[in-house]
Structures are given as C-alpha cells and as structure tokens.
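Accompanying notes for the structure given below.
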Amino acid sequence: MDDVHECAEGLRSALKANGITLPSLGVDLPSFAGEYPPPLVALGNCNMATARKLAEVLHKAAAR
C-alpha cells in the first residue's frame, strides 16, 4: 500500500518541479477495496490554466 502513496508523492514532486499543482492528486481510496489491484492514483480535477501548463510540459518532454 505504501508504494501507491510513494507513487502519488513522486508524481506530485515531478509536477511541482515543472510549476504544476494538481490539488486533488492523491490515492483513490475506493480502489483499495476493489478486486483488481493495484490501487489507483487519482489525478483529480484542475483548472484550464493548469491543464494547459501540463499539456505544454508533456509536449516539450515528448519532443526531446
């Protein structure tokens, strides 16, 4: 279970390093009760400015 928390925190850190904050990012608690592991990381909602910044960073990374 700790692995999914570490994964979410690693993603949060990487996003922060690129100036992006997803306020709802975290572990999807209902997925712990599901039949199909592994647990999920919930990316949550974000505003349009954050979505645009995320798309920009991903496009730059893909072009490398």
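None of these values were measured; they are calculated from a predicted model.
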Discussion item. To check you understand the geometry: which heavy-atom pair defines the closest contact between Ala51 and Cys46, and what is its length?
Written reply: N-SG, 3.9 Å

Discussion item. Would a single hydrophobic cluster contain both Leu22 and Val57, if residues Ile, Leu, Val, Met, Phe, Trp and Tyr are joined by side-chain heavy-atom contacts under 4.5 Å?
Written reply: yes

Worksheet item: Among pairs that include at least one residue of residues 53-64, which meet side-chain hydrogen bond (donor to acceptor under 3.5 Å, both in side chains), considering only residues two or more places apart or in two chains?
Response: Glu56-Lys60

Worksheet entry | 4.5 Å side-chain heavy-atom contact, Val4 and Val41 | yes

Response to the item:
By side-chain contact (heavy atoms from CB on, under 4.5 Å), Asn45 pairs with (sequence neighbours left out) none

Discussion item. Using 0.5 Å steps for rounding, measure from the CD1 atom of Ile20 to the CG atom of Leu54.
Written reply: 4.5 Å

Discussion item. Suppose the criterion is side-chain hydrogen bond (donor to acceptor under 3.5 Å, both in side chains): which pairs have a residue in residues 12-27, not counting sequence neighbours?
Written reply: Glu9-Arg12

Worksheet item: Ser31 side chain to Pro39 main-chain N or O, any donor-acceptor pair under 3.5 Å?
Response: no

Worksheet entry | Side chains of Leu25 and Leu15 in contact at under 4.5 Å (non-hydrogen atoms) | yes

Item to complete: Answer with yes or no whether the hydrophobic clustering places Leu11 together with Leu40; edges join I, L, V, M, F, W, Y residues whose side-chain heavy atoms lie under 4.5 Å apart.
Response: no

